[in-house]
Amino acid sequence: MKLELGNFFVKDITFGDNTSFNNGTLTINKEEALSVVREDEDITEADLVIVKPGDKVRLVPVKEAIEPRCRVAGGSVFPAVTGELIQAGNGRTHALKDCSVLVVGKHWGGFQDGLIDMSGEGAKYTYYSQLKNIVLVADTNEDFEKKEQQKKNRALRWAGMRLAEYIGNCVRNLTPEEVETFELEPVSKRCEEINKLPSVVLVLQPQSQMEEMGYNDLLYGWDCNHMVPTFMHPNEVLDGAMISGSFMPCSSKWSTYDFQNFPTIKNLYKEHGKTVNFLGVIMSNLNVALQQKERSAQFVAQMAKSLGADGAIVAEEGYGNPDADFIACIVALEDAGVKTVGLTNECTGRDGASQPLVSLDEKANAIVSCGNVSELIELPPMETVIGELQSLARDGLSGGWAGDEKLGPSVKEDGSIIMENNSMFCGDQVVGWSTKTMKEF
Amino acid sequence: MKKAILYLNQFFGQIGGEDKADFAPVINEGQIGPAMELNKNLENAEVTHTIICGDNFMGSNEEEALKTILEFLENKEFDIFFAGPAFQAGRYGNACGVICKAVKEKFNVPVVSSMHVENPGVEMFKKDVYIFKGGSSAAKMRKDVKVMAQFGDKLLSGKKLLPADEEGYFPRGIRHQVWLESEKPASERVVEMLIKKLNGEKFETELPIPKSDRVAVAPPINDLSKANIALVNTGGIVPVDNPDRIQSASATRWGKYDISKMEILQAGQFKTIHAGFDPAAADADPNVILPLDVMRAYEKEGKIAKVHEYFYSTVGTGTTQAEAARMGQEISEHLREANVDGVIMVST
């Protein structure tokens with residue numbers, strides 16, 4: 001399997017007559033783009049806004065981030081989600097880099113939605129403040145979930161994907177500034193030089209703990225709740241096979257953009273043939289019942305062992321209950337003789353004194369930690385808010401509240417806010433961007 | 001200029017050695033012994049008073065010692081409290097921890113001490129007190145006092161504190177997120193850690209998992225009909241006036257109560273003081289936690305030889321592992337002396 005990612009670096013974004021990319025400038029025909037958004041009749045209101053690093057802009061409730069791309073030979077960027085089911089990870093895909101399509105609710109937020117500040121103190125809490133963003137601000141007629149804390153956000157998330165494909169399409173026939181090639185030989189057909197390096201797998205535990213469909217991460221359109229762990233080529237993950245869900249407290253969430261750019265996969269590629277033999281990805285999941293958790297752990301350990309893995313990295317998209325899946329998987333791998341490193345965030349409470357993970361085991365002796373979901377953050381008012389600031393306090397966002405005995409409401413009258421890190425959009429960056437860690441005080 | 005007060009034991013307070021270890025607490029204006037050194041090193045505060053108390057006095061009359069010392073402090077103005085350094089002296093370390101914890105709780109000022117890593121006071125009080133990693137003996141006095149003073153100055157100046165390892169005190173079990181100066185992303189850290197682990201090289205986890213201290217299962221009692229069985233519980237069953245004033249959560253105290261003349265635990269005579277569950281059922285019938293009624297029945301049937309004359313009680317909720325282990329050791333000494341063969345340990 002050989003994936004060529006043709007990269008076009010976006011230096012500026014403007015609205016104009018033709019959606020096109022020229023000399024680093026991405027121009028978008030706003031009306032045409034919005035007509036793509038409105039293809040879904042559930043969308044009742046929609047607007048596009050461009051925001052750039054340094055802008056005095058606060059976005060909330062942010063629901064999704066997607067990198068604009070196109071599949072050069074045709075076919076949907078997100079197989080079985082926005083088009084026919086085809087194999088991802090093979091051939092040429094073009095991508096607009098340093099930018100993302102952000103999907104923001106015009107009014108209503110939920111547990112899984114987050115906040116982005118494009119400048120100031122708050123900017124450091126999320127990766128997306130560094131990108132130029134095409135922001136879709138929209139509302140829908142999905143009244144059944146308007147007042148629900150958990151929202152599927154289906155119409156908005158799918159509109160974001162269509163928009164990302166529409167924009168990505170403008171570089172289909174252009175020559176990219178850079179081509180990244182991702183290729184791995186079949187596991188049993190590698191040369192001696194590579195075979196003698198320690199073999200490693202990357203185990204991913206995407207969020208799949210909702211029993212009802214419509215909330216979980218999707219694998220080629222398939223709900224990750226309905227699968228047992230499976231072996232994948234890393235290119236599939238980088239090339240649109242995985243779609244972010246709409247369930248997890250936001251700082252722990254992996255957006256679709258995160259999957260498309262998965263830094264830990266890219267770093268394992270970099271080390272492949274030098275320090276490790278990168279076998280591939282074992283796509284696991286996160287479960288509700290104990291037996292389901294143990295079943296997945298057992299599948300992962302067996303698969304890693306059968307593939308001849310000496311080492312593994314296990315990354316979880318979540319905290320709290322999923323920690324049980326995370327630790328069970330590490331223990332199963334260690335018991336199978338596979339040396340394992342975990343990749344996660346922690347929940348040590350606002351005072352930092354709580355047990356960091358719900359489940360602990362001495363066998364999990366190597367963990368990289370990316371932050372504390374419950375760290376308190378206070379931020380001053382921002383000149384412009386895109387979306388609705390009150391959603392942070394009103395709609396049950398995981399890091400916001402309507403009232404607190406000591407702290408008052410999350411949103412103050414002057415527009416300043418107090419919140420938990422939980423609601424920073426994909427803030428803990430467990431996929432690998434995180435420059436945060438945890439220290440003892 | 002802000003104000004500091006230092007606690008010392010009888011030895012460093014220049015009262016005397018082991019023969020003066022029963023010395024009752026006193027407070028002196030000004031600086032005695034290490035207090036002079038502390039005062040010399042402190043830039044943001046002056047050491048106004050020195051408190052001195054014998055190690056044995058604190059050890060055997062902790063309640064009285066604390067009461068006296070807290071009374072001394074009642075009308076004093078101070079911004080920070082120091083104790084020690086206690087080096088490797090176990091009783092002194094315990095005393096520094098006890099007094100620092102009490103002062104912090106009552107006066108809400110920062111408390112700072114210094115002990116050697118092997119001083120048992122470290123394990124017992126590191127969660128409550130900034131305890132700096134000190135030397136094993138008084139030869140390190142100047143160095144340890146200087147470290148305490150520098151950190152005290154930093155606390156008083158309101159400067160941002162660094163993680164425990166960088167400041168030099170024992171981690172207090174408080175974990176917060178920080179941005180790495182190196183800006184090294186997690187994707188690189190995780191692959192580097194994996195490569196080190198694969199190659200058998202030393203690596204440092206970012207989330208140290210505490211060692212679980214497992215106790216082996218005891219061998220079974222050969223003949224129960226000859227066994228003396230004791231009842232112990234962490235469900236907080238105590239006489240209604242709670243004579244030992246065991247705390248309802250985060251307990252550090254335990255009690256021993258005579259049941260030799262009782263057939264059952266009467267409601268109204270015993271109750272639970274545990275704050276971690278609804279007490280209604282246990283208050284209505286304390287035997288649901290401490291099953292004296294059932295044990296007496298077994299005694300009559302000859303299933304066991306006897307129920308030990310006393311039961312032992314503390315509260316489990318929020319209690320640290322270190323305190324629990326200490327109390328367990330203390331209780332087991334009593335059980336051994338009384339030739340108890342087996343224990344029914346009731347948790348809630």
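Proteins come first, then strands; the chains are lettered A, B, ... in the order of their sequence lines, and each starts at number 1. Everything numeric in this text was worked out from a predicted model, so none of it was measured.
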Flag side-chain contact, heavy atom, 4.5 Å: A/N365 against B/I209: no

Any idea which heavy atoms bring B/L207 and A/P356 closest together, and the distance? CD2-CG, 3.7 Å

Specify the closest pair of heavy atoms between A/C370 and B/A186, including all atoms of both residues, with the distance to one decimal. SG-CB, 3.7 Å

Does A/K266, at its NZ atom, have more than 12 non-hydrogen atoms belonging to other residues, nucleotides or ligands within less than 6.0 Å? yes

With chain A, the option among B/E167, B/R175, B/E204 that has the most non-hydrogen atom pairs under 4.5 Å is B/R175

Interchain contact, B/Y130 with chain A, by part (heavy-atom threshold 4.5 Å): neither

Do B/F203 and A/V341 pass the side-chain contact (heavy atoms from CB on, under 4.5 Å) test, and can you show the C-alpha distance, the side-chain angles, and the key distance before you say yes or no? CA-CA 11 Å; B/F203 60 86; A/V341 180; over 6 Å; no

Give me the atom names and distance for the closest heavy-atom approach of B/R189 to A/S369. NH2-O, 3.2 Å

Does B/R172 pair with A/E440 as a salt bridge, N-O distance under 4.0 Å? no

Out of curiosity, B/S187 OG to A/I265 CD1, how far, rounded to the nearest 0.5 Å? 11.0 Å

Nearest heavy atoms of A/F441 and B/V178, plus distance in Å: CZ-CG1, 3.9 Å

Inspect the surroundings of CD in B/E201 and state if more than 12 heavy atoms from other residues, nucleotides or ligands are less than 6.0 Å away. yes

Would you find more than 12 non-hydrogen atoms of other residues, nucleotides or ligands less than 6.0 Å from B/K143 atom NZ? no

Give a yes or no on this: more than 12 heavy atoms of other residues, nucleotides or ligands lie within 6.0 Å of atom NZ of B/K140. no

Tightest non-hydrogen contact, residues A/V276 and B/I195, listed as CG1-CG1, 3.9 Å

Name the member of A/G342, A/A366, A/S374 that forms the most heavy-atom pairs with chain B at distances under 4.5 Å. A/A366

To the nearest 0.5 Å, what is the distance between CG on B/N199 and CG on A/D310? 10.5 Å

In terms of heavy-atom pairs under 4.5 Å with chain A, which of B/E183, B/M193, B/E181, B/K196 leads? B/M193

B/K197/A/E334 salt bridge by N-O under 4.0 Å criterion: yes

Does the pair A/K436 and B/E206 meet the rule for a salt bridge (Lys or Arg N to Asp or Glu O under 4.0 Å), with working shown? CA-CA 11 Å; A/K436 274 191 300 182; B/E206 296 178 12; over 6 Å; no

Is there side-chain contact between B/I174 and A/D351, with heavy atoms separated by less than 4.5 Å? no

State, with a plain yes or no, whether a side-chain heavy atom of B/V191 is found less than 4.5 Å away from one of A/N267. yes

Within a radius of less than 6.0 Å around NZ of B/K126, do more than 12 heavy atoms belonging to other residues, nucleotides or ligands occur? yes

B/L198, part contacting chain A, at a heavy-atom distance under 4.5 Å: both

Please classify the contact between B/K184 and chain A as side chain, backbone, both or neither, with a heavy-atom cut-off of under 4.5 Å. backbone

Under a 4.5 Å cut-off applied to non-hydrogen side-chain atoms, are B/Q177 and A/D428 in contact? yes

